[in-house]
Amino acid sequence: MAKYPFSEIEPKWQRHWEEHRSFRAEEDASFPKEKRRYVLDMFPYPSGAGLHVGHPEGYTATDIYCRYLRMNGYNVLHPMGFDSFGLPAENYAIQTGTHPAVTTRANIDRFRQQIKSLGFSYDWDREVSTCEADYYKWTQWIFIQLYQRGLAYESDAPINWCPSCKTGLANEEVKDGECDRCGTKVTRKRIRQWMLRITAYADRLLEDLDGLDWPEPVKQMQRNWIGRSEGASVVFTVDGHGDALEVFTTRPDTLFGATYMVLAPEHALVARITSAEQKAAVEAYVDGAAKKSDLERTDLAKDKTGVFTGAYAINPVNGKKIPIWISDYVLASYGTGAIMAVPAHDERDWDFAKAFGLPIVEVVAKPGPDGKAAPCAGEPSECTAADGVAVNSGFLDGLGTEAAKKAMIAWLEEKGLGKGTINYKLRDWLFSRQRYWGEPIPLVHCPKCGVVPVPEDQLPLTLPEVSSYEPPGTGESPLAKIDDWVDTTCPTCGGPARRETNTMPQWAGSCWYYLRYLDPSNPGAFVGRDKVDYWMPVDLYVGGVEHAVLHLLYSRFWHKVLFDLGLVNTAEPFQRLVNQGMILGEDNQKMSKSRGNVINPDDIVREYGADALRLYEMFMGPLEVSKPWMTAGLVGVTRFLERMYALGEKPVVDAGPSAELLKLTHKTVRKVDADTASLNFNTAISAMMVLSSELARLDSLPRAAYEPLVLMLAPYAPHLAEELWEKLGHRESLVRAAWPSYDPALCEDDEDTIVVQVNGKLRGDFKAAKGAGKDALEASAKALAKVAEQLAGKDVVKLVVVPGKLVNFVVR
RNA sequence: GCCGGGAUGGUGGAAUCGGUAGACACCAGGGACUUAAAAUCCCUUGUCCGCAAGGGCGUACGGGUUCAAGUCCCGUUCCCGGCACCA
């Protein structure tokens, strides 16, 4: 079998599809809603390294699915674009002086050419690139909508700062205390920032996850990230000061056990309440904490440290005076930055109390068999956070933990000392970056009018040219150095004003790109509402899991804001999400330049062809799991493609296939149809291999068996399938040819294979007519020599007969 | 520590409802064709005992439910990912 000429076939059909605009999607009203599908890939950042073999994995999966849907009569929207603002282009500009737009456009051209060489069925007329002004005009416009709704605000709280990237980072961009991009340890810095109020959507971002067809791990990661916890806020009074000290607790039932309080070192009350004797110690501790990075504070703080302020609070429930300490185990940024400490029932409070000799009072005890509980004598010997029965707790005594929580909240609310509260770990989104290559934030600072948005008719606010891309590192962006850009007039009063010089983070453009695809060149709106109604929501979104709490959270947030503004038709953008697994190197490690295990898709296409690469990546294993690359494995799919090509050289006859071949054909169609629809591509390919091997034995091919195989191959290896389809005498491309159908009756075998077991062990099998009765099956089973041997001299104590499946003799 | 996912031959992986474990491939070995090689085709290929017929064992480990467990239940180990002093 000769190598097949993929290097001629593949460009030929790619040209054909391009010339015929084969994949253009139009809003054709004759397709009912249920016959429309929006299938989306996570668009790539066009890095200088070119396409990675991981990209075509997801792209091939969606492409197969789209081609399958088209052949089944669906109107399919399948676009591609580029997420093109980002640090690599800017860092390259710093080194070389080349404008990031120049390198970015060159990289996009290379990516586009590489993607096209794989024969994906994108509608290229809808391509978007987030760094182009006619795109980011609308990113800026959406930002202004957020601003006007009060969802964007200025803050000067300490933030995560990457000293290497010289920019602030969102919480989502910090992993293990390091910058997600460059791995540098993140420090804390206090600079003026723009924040987006994503916390206002915390509850909806959480609740709406339930209705999404997403992988459970991603939902779980978002749930954890949002981190909802129910509890109560309780107001203590500082003794002798009259200051209120509010805390959040998930265990209001343990309030009687609160024996001290702890403030975060940054808490506003610290300076006010510290006593003269403790002043020096407290200030030293606060200074020390301020110098530590977040990582140092969390990592090194396994041993609890802290200082007494000299002040006391009054526990509202029993009037007791309890000391107020400061410690960095209390985070300024969660809850109120202060806690009531219940050392008997909280591990951290226990450690702290033990370290500083603070009192420990048991208020929850393990109930006995009668459901009642008695407090232990003196201090408890160990800490427990488990539920139990309230003791030493006045009016709560005898109540179970859940009931005690409710009772305490009711009591607090009645006395005006607190209330039931819900807290989230999710923080607002730090949205400004002190870098050049991003969307300018379209705001103006006017000494008279304050912050004023750039009017819509002045958008886009384009990036100015700069002489140096180097970030000053002062907390200003390179834009701050361009005086004639920064100095402007106030859109409201016309007086002198200054532009905001921060830019948006790389995530901004990807928050809404799936909407721009619907209407990519609309000059009057970010998207036309009719287009939204025609296509949205996205029916299938495929991409890596690494964006679980970044892009996928941010874009849900923006989408909900747009939904509340009445601009989109659904509360959620992506109905179904599938994460493709990572493709590892042959050494089972993550592909990286430094390990030298990177596979370049161009090399594979040149040597084996695009169809082989597509097929191989789908044949490696299930889409969702990570799996190692093995170039040797490509020969398997290549042999299959060569066999298919060789079939195309054989005469095709209209005479019917043998009954056996006809059955195999229908079974294969059934299997490939079901597996393609459910994205189980590896087993679909395996089924096609089996049918192709059978056909390869024949001298002439019955059309009724061969044509369905070519059609089924089309989504998987579209170039070769088009070539074979043409050889079959068809004039039209098979892009919209009808997907083969199967006759369920023809998939059934005439006979069943009945397995015979003795005591559950396989001892033989036989063929039986369909619908054979239990008695007949038993008789046939007993007639098998091996079975008879096993049964000889033994009593059959039980007989299990599953018609059509098996006979099992249980003997003694 | 907490949460989520996983563990099947030498390798990647199959296995609808609990009903023939290892489909389809890779690798390896053998054979056919050939002057030879490549390519192709055919055969073998979980493991142990056995010349064979046949039999024992086998889906990370230990239990359990069942006529029957890779699949269900309980416990353990290891691997991967996420979060991590969040009160």
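Here the structure is a predicted model, which means the values were calculated and not measured.
When side chains are defined from C-beta on, A/Tyr424 counts as touching A/Asp203, because their heavy atoms get closer than 4.5 Å.
Pairing for B/C24 goes to B/G12, judged as Watson-Crick or G-U wobble with the two contacts each under 3.5 Å. Applying the Watson-Crick and G-U wobble criteria (two distances, each under 3.5 Å), B/G4 pairs with B/C80. Across all strands shown, B/C57 is found opposite B/G46 as a Watson-Crick or G-U wobble partner, with both distances under 3.5 Å. Here B/A32 sits opposite B/U40 as a Watson-Crick or G-U wobble pair (both hydrogen-bonding atom distances under 3.5 Å).
Taking the side chain of A/Ser229 as heavy atoms from C-beta on, and the options B/C24, B/A87, B/G5, the nearest nucleotide is B/A87. In this structure, the nucleotide among B/G13, B/C24, B/C83 sitting nearest to the side chain of A/Lys627 is B/G13. The A/Ser686 side chain lies nearest to B/A23 when the options are B/G12, B/A23, B/U20. Checking B/A87, B/C67, B/A23 against every side-chain atom of A/Asn808, the shortest atom distance belongs to B/C67. Considering only the side chain of A/Lys798, B/C67 comes nearest among B/C67, B/G13, B/C42. Distance from the side chain of A/Phe248 is smallest to B/A87 among B/A87, B/C24, B/G82. For A/Lys786, the listed nucleotide lying nearest its side chain is B/G54; candidates were B/G54, B/C67, B/A87.
Ion pairing between A/Lys782 and A/Glu778 holds under the 4.0 Å rule for side-chain N and carboxylate O. With respect to the salt-bridge test (charged N to carboxylate O, under 4.0 angstrom), the residues A/Glu266 and A/Arg188 qualify. One finds a salt bridge joining A/Glu694 and A/Arg697 here, because a Lys/Arg side-chain nitrogen approaches an Asp/Glu carboxylate oxygen to under 4.0 Å. Of the charged side-chain nitrogens involved, at least one lies within less than 4.0 Å of a carboxylate oxygen, so that A/Asp752 and A/Lys770 count as a salt-bridged pair. A salt bridge does not link A/Lys175 to A/Glu178: none of the charged side-chain nitrogens sits closer than 4.0 Å to a carboxylate oxygen.
Within 4.0 Å (heavy atoms only), A/Pro622 reaches sugar-phosphate atoms of the nucleic acid but no base atom. A/Asn682 comes within 4.0 angstrom of the backbone, heavy atoms only, and of no base. As judged by a 4.0 angstrom heavy-atom cut-off over every strand, A/Arg697 is placed among residues touching the sugar-phosphate backbone only.
Atom-to-atom, OH of A/Tyr260 to C1' of B/A87 comes out at 11 Å; the value is rounded to the nearest Å. In this structure, A/Leu806 atom CG and B/C17 atom P are separated by 17 Å, rounded to whole Å. A/Asn224 has its CG atom 12 Å from the C1' atom of B/G81, to the nearest Å.
Comparing B/A23 with B/U34, their P atoms are spaced 32 Å from each other, to the whole Å. Separating the C1' atom of B/A21 from that of B/C57 is a span of 14 Å, rounded to the nearest Å. When the C1' atom is used for both B/G19 and B/C26, the distance is 31 Å, rounded to whole Å. A distance of about 11 Å separates the P atoms of B/C2 and B/U76, rounded to the whole Å. Taking atom C1' on both nucleotides, B/G46 is separated from B/U40 by 29 Å, rounded to a whole Å.
Looking only at atom types and distance, the side chain of A/Thr753 has no donor-acceptor partner in the side chain of A/Asp765 under 3.5 Å away. Side chains of A/Arg643 and A/Ser692: a donor-acceptor N/O pair is present below 3.5 angstrom, by distance only.
Although no hydrogens or angles enter the test, the distance criterion places no donor-acceptor pair under 3.5 Å between the side chain of A/His666 and the main chain of A/Tyr742.
Residue A/Lys805 places no side-chain N or O under 4.0 Å from the OP1 or OP2 atom of B/G19. Distances shorter than 4.0 Å separate some side-chain N or O of A/Arg763 from OP1 or OP2 on B/G55. The phosphate of B/U20 has neither OP1 nor OP2 within less than 4.0 Å of any side-chain N or O from A/Thr753. Distances shorter than 4.0 Å separate some side-chain N or O of A/Tyr334 from OP1 or OP2 on B/A87. At the phosphate of B/G82, neither OP1 nor OP2 sits under 4.0 Å from any side-chain N or O atom of A/Arg223.
Nucleotides of RNA chain B nearest to A/Gln757 and A/Gln220 differ in position, and the one nearer the 5' end is that of A/Gln220. In this structure, A/Val800 and A/Val755 both approach RNA chain B, and ranking their closest nucleotides by distance from the 5' end singles out A/Val755.
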Derivation and outcome, salt bridge (Lys or Arg N to Asp or Glu O under 4.0 Å), residues A/Glu57 and A/Lys627 = CA-CA 11 Å; A/Glu57 189 191 16; A/Lys627 52 240 162 201; 2.7 Å; yes

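Nucleotide B/C17 carries a syn base; the chi torsion (O4'-C1'-N9-C4 or O4'-C1'-N1-C2) is within 90° of 0. Nucleotide B/G31 is shown with an anti base, its glycosidic torsion being more than 90° from 0.
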note = Scoring nucleotides 25-32 of chain B by protein non-hydrogen atoms under 4.0 Å (B base, S sugar-phosphate only, - none) yields SS------

